[in-house]
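Predicted model only: the values in this text are computed from it and were never measured. Numbers for residues simply follow the sequence, beginning at 1.
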Amino acid sequence: MKIILRLTLCLVTCSALITTSCSKDGEVGPAGSQGPQGEQGIQGIEGEQGIKGDTGNANVKHYDFVIANTDWSTNLHFGGGNEGRYYNIPADSLGGISLYSFYDKGNAVLAYAMPTYAAGSDRETVPNTIKPLPYSTMVSSSTDQFGLLIDILVNESRLFLAKTINGYEPDRIPDEDMPATIDFRIVLIESSNALTGKSSKENILDDLKASGVDVRNYSEVMDHFNLPY
């Protein structure tokens with residue numbers, strides 16, 4: 001009986017293997033029902049937000065900020081009989097960049113300004129004109145004219161404002177002659193952006209000139225680097 005039972009088990013086992021083997025070559029059965037949806041994965045870390053005002057070419061950054069007449073210092077002597085007012089440029093206005101440190105590393109700094117007198121004031125200059133620093137222009141009033149000087153002191157990270165004598169000598173500027181606001185545009189060009197691979201700030205400007213870009217023209221500079229303005 002044991003022998004017959006073993007033979008029977010062997011036959012059953014062989015029959016199951018044959019049946020299984022044949023089922024692989026037979027018709028595919030109907031698909032089973034869909035299982036429950038898995039748990040949602042953990043959300044990835046959000047990327048860092050870019051600094052406002054920092055756009056365009058990766059090696060060229062531009063920043064715009066407006067200074068009101070009340071933001072300037074009082075009139076101070078700067079030696080040699082020169083007087084005027086100054087404004088310290090905070091790094092926050094330049095995306096956290098220290099102007100002097102940037103310039104001292106051999107990079108180029110281009111600065112432009114557009115002064116505006118308050119509506120109803122009897123003082124006026126050429127409206128909506130952006131000019132490079134040092135910016136000098138004539139301001140007309142109901143009684144006379146005077147020269148206005150706006151400049152940048154990169155080594156001190158400062159802006160400078162004064163009236164002028166003889167067209168160029170800085171002189172103290174009274175409150176009533178101050179522009180209501182001055183719109184400043186600062187363009188920072190890293191030395192690695194030089195077209196010929198040169199490293200100094202002077203050669204960066206030479207390369208721009210060789211490319212037909214007039215750095216005194218704000219629009220040309222913006223267009224050259226494909227920056228919005």
Side-chain angles (χ1 to χ4, degrees), residues 50-68 71-73 76-80 82-115 129-137 148-162 164 168-170 173 179 181-229:
I51 299 173
K52 183 178 181 181
D54 176 5
T55 58
N57 193 302
N59 294 321
V60 181
K61 300 176 175 64
H62 80 289
Y63 300 92
D64 303 347
F65 53 91
V66 178
I67 302 177
D71 294 332
W72 295 87
S73 72
L76 299 172
H77 290 276
F78 287 85
N82 296 324
E83 289 189 68
R85 305 184 186 224
Y86 71 87
Y87 174 84
N88 289 321
I89 305 174
D92 290 346
S93 295
L94 302 176
I97 298 173
S98 168
L99 185 64
Y100 172 69
S101 297
F102 182 85
Y103 183 79
D104 192 49
K105 293 177 181 178
N107 302 306
V109 176
L110 303 179
Y112 305 84
M114 182 175 65
T129 301
I130 301 174
K131 294 173 61 177
L133 303 187
Y135 183 123
S136 60
T137 188
L148 182 71
L149 173 65
I150 308 170
D151 206 351
I152 186 169
L153 309 175
V154 178
N155 292 338
E156 301 176 18
S157 297
R158 287 181 172 183
L159 295 166
F160 182 75
L161 176 66
T164 59
Y168 60 89
E169 296 177 15
I173 179 170
T181 59
I182 302 179
D183 182 1
F184 287 95
R185 317 283 177 89
I186 308 295
V187 182
L188 306 180
I189 309 173
E190 293 184 10
S191 59
S192 58
N193 193 71
L195 303 179
T196 58
K198 300 174 184 177
S199 61
S200 72
K201 60 182 74 69
E202 292 83 6
N203 286 331
I204 294 175
L205 301 181
D206 288 343
D207 289 334
L208 288 173
K209 182 178 180 180
S211 298
V213 180
D214 182 1
V215 296
R216 298 170 300 176
N217 188 312
Y218 177 73
S219 298
E220 284 192 22
V221 173
M222 293 294 99
D223 290 340
H224 177 74
F225 291 113
N226 194 28
L227 295 171
Y229 61 95

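- For the atom pair OH (Tyr63) and CD1 (Ile97), the distance works out to 4.0 Å, reported to the nearest 0.5 Å.
- Annotation: side chain of Ser191 is in contact with side chain of Ile204 (closest heavy-atom distance under 4.5 Å).
- His224 approaches Ser211 most closely through the heavy-atom pair CE1-CB, 4.2 Å.
- The aromatic rings of Phe78 and Tyr86 sit perpendicular, their planes meeting at an angle over 60°, well past the 30° parallel limit.
- Atom CD1 in Ile130 sits 6.0 Å away from atom OH in Tyr218 (nearest 0.5 Å).
- Shortest non-hydrogen contact noted between Ala68 and Trp72 is O-CD1, 3.3 Å.
- The distance from the OG1 atom of Thr164 to the CD1 atom of Ile173 is 9.5 Å, given to the nearest 0.5 Å.
- Atom CZ in Phe184 sits 12.0 Å away from atom CG in Leu94 (nearest 0.5 Å).
- Val109 is linked by a side-chain contact (heavy atoms from CB on, under 4.5 Å) to Leu99, Phe102, Tyr103, Ile186, Leu188, counting only residues two or more places apart in sequence or in another chain.
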Dump the intermediate steps for side chain to side chain contact (heavy atoms under 4.5 Å, CB included) on Leu205 and Leu110, then the final yes or no. CA-CA 10 Å; Leu205 301 181; Leu110 303 179; 3.8 Å; yes

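- To the nearest 0.5 Å, the span separating OH on Tyr229 from CZ on Arg185 amounts to 10.5 Å.
- Looking only at side-chain heavy atoms (C-beta outward), Tyr135 and Ile182 stay at 4.5 Å or farther from each other.
- A salt bridge between Lys61 and Glu190 is present, with a side-chain N of the basic residue lying under 4.0 Å from a carboxylate O of the acidic one.
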Let me check something: any side-chain donor-acceptor pairs from residues 148-162 under 3.5 Å, sequence neighbours excluded? List them with distances.
residue	atom	partner	partner atom	Å
Ser157	OG	Tyr100	N	3.3
Arg158	NE	Asn88	OD1	3.0

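- Looking only at side-chain heavy atoms (C-beta outward), Asp92 and Phe65 stay at 4.5 Å or farther from each other.
- The minimum heavy-atom distance between Pro132 and Arg216, with the atom names listed, is CD-O, 3.3 Å.
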Could you go step by step and tell me if His62 and Tyr112 meet the side chain to side chain contact (heavy atoms under 4.5 Å, CB included) rule? CA-CA 11 Å; His62 80 289; Tyr112 305 84; over 6 Å; no

